[in-house]
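These values consider heavy atoms only, across backbone and side chains, with no hydrogens, waters or symmetry-generated copies.
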Amino acid sequence: MRHTVIFSICALTLAACQSGSNRSASLGDQPRLDVPAGAQSVNIAADPVTVRSALVSSAKERGTVVLQDQPNMIVLERPMAGENPALDSEFGPSDNGDRVIRIRVRFTGNQCQTLAVQDLAVINNVRTALEQSFVLPGNPNTMQSLRGLKSRAEQSSSCPPVAS
């Protein structure tokens, strides 16, 4: 019995060590990212796997739809319910379907340094033949959201924090 307990502890320890090395190995070759005009970016003291996990769990907690969930990119969608005269005047009415905000977050990096790039679009008449997409410039509210991702990912990481 005692040998079984010791063997079990050794097996668990070995599995934990292996999963940590698999996590590093699973990063593989990371893509290069550019930060297009209007996009926002932040450096995060965590690996891309941790950043992705923080982003997906936050979206689920808030009830935000995750449209795409890929190793280096997450696309989220938030419905814009009700009338919005400001968006109507800027982008025209969304009178043949719903209006949504799409948020694309791309990220790349290594074990303790991930660059996250966020860009946004408003979509009128989503999922209809009249769908129109308009790129939105970032603003202080969306930058606050990106900083929230940074904070959440760094809390889950063992890396020392980096300055934005």
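- The two atoms that bring Val51 and Leu149 nearest to each other are O-CD1, 3.8 Å, heavy atoms only.
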Trace of the side-chain contact (heavy atoms from CB on, under 4.5 Å) decision for Gln118 with Thr142: CA-CA 9 Å; Gln118 172 176 271; Thr142 57; 3.7 Å; yes

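- At distances below 3.5 Å, not a single donor-acceptor pair connects side-chain atoms of Thr50 with backbone N or O atoms of Ala153.
- The shortest heavy-atom contact between Gly97 and Thr128 is CA-CG2, 4.2 Å.
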Trace of the side-chain contact (heavy atoms from CB on, under 4.5 Å) decision for Val66 with Val75: CA-CA 6 Å; Val66 178; Val75 178; over 6 Å; no

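- Listed for the Ser133 side chain is no donor-acceptor partner under 3.5 Å among the backbone atoms of Ile123.
- Applying the side-chain hydrogen bond (donor to acceptor under 3.5 Å, both in side chains) test to Ser158 and every residue at least two apart in sequence or in another chain returns nothing.
- One hydrophobic cluster, built from ILVMFWY side chains closer than 4.5 Å, cannot hold both Phe91 and Val126; they sit in different ones.
- A distance-only check finds no donor-acceptor pair linking the side chain of Thr114 to the backbone of Gly109 [under 3.5 Å].
- No continuous path of ILVMFWY side-chain contacts below 4.5 Å connects Val42 to Met73, so the two sit in separate hydrophobic clusters.
- In this structure, the side chain of Gln40 does not engage the main chain of Pro140 through any donor-acceptor pair within 3.5 Å.
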side-chain contact (heavy atoms from CB on, under 4.5 Å) assessment of Val56 paired with Ile74: CA-CA 8 Å; Val56 170; Ile74 302 293; 3.7 Å; yes

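- The environment of Gln70 atom CD is dense: over 12 non-hydrogen atoms of other residues, nucleotides or ligands sit within 6.0 angstrom.
- Residues Arg102 and Leu67 have side chains in contact (heavy-atom distance under 4.5 Å, counting atoms from C-beta outward).
- Expressed to the nearest 0.5 Å, how far SG of Cys112 lies from CG of Asn43 amounts to 12.5 Å.
- Hydrophobic clustering of Ile, Leu, Val, Met, Phe, Trp and Tyr side chains at less than 4.5 Å, counting indirect connections, keeps Ile103 apart from Leu33.
- Val100 and Pro79 get closest at one heavy-atom pair: CG1-CA, 4.0 Å.
- To the nearest 0.5 angstrom, Asn139 atom CG is 10.0 Å from Gln144 atom CD.
- Listed by chain and residue number, Asp88, Asn124 satisfy the side-chain hydrogen bond (donor to acceptor under 3.5 Å, both in side chains) test with Arg99 (two or more places apart in sequence, or in another chain).
- Judged purely by atom type and a 3.5 angstrom limit, Ser94 uses its side chain to pair as donor or acceptor with the backbone of Asn125.
- In this structure, the side-chain hydrogen bond (donor to acceptor under 3.5 Å, both in side chains) partners of Arg52, at least two apart in sequence or on a different chain, are Asp69.
- For the residue pair Arg152/Ser57, the side-chain donor-acceptor check at 3.5 Å is satisfied.
- Using a 4.5 Å heavy-atom cutoff, the side chains of Ser41 and Val35 are in contact.
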Steps toward side-chain contact (heavy atoms from CB on, under 4.5 Å) verdict (Ile44, Phe107): CA-CA 10 Å; Ile44 303 171; Phe107 39 91; over 6 Å; no

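- Side-chain contact check for Ser58 and Arg62: at least one donor-acceptor pair (N or O, by modelled atom type) lies under 3.5 Å.
- The side-chain heavy atoms of Ile101 and Leu120, taken from C-beta on, include a pair separated by under 4.5 Å.
- Here the NZ-CG distance, from Lys60 to Leu76, works out to 11.5 Å after rounding to the nearest 0.5 Å.
- Residues Ser157 and Cys159 share a closest heavy-atom pair of OG-N, 3.0 Å.
- A distance-only check finds a donor-acceptor pair linking the side chain of Arg106 to the backbone of Asp34 [under 3.5 Å].
- When every heavy atom of Pro48 is checked against every heavy atom of Asn72, the shortest pair comes out as CB-ND2, 4.4 Å.
- The 12-atom threshold is exceeded at CD of Glu131, counting heavy atoms of other residues, nucleotides or ligands nearer than 6.0 Å.
- Using a 4.5 Å heavy-atom threshold, the side chains of Pro36 and Val117 count as touching.
- Remark: Glu154 engages Lys150 in a salt bridge, criterion side-chain N to carboxylate O under 4.0 Å.
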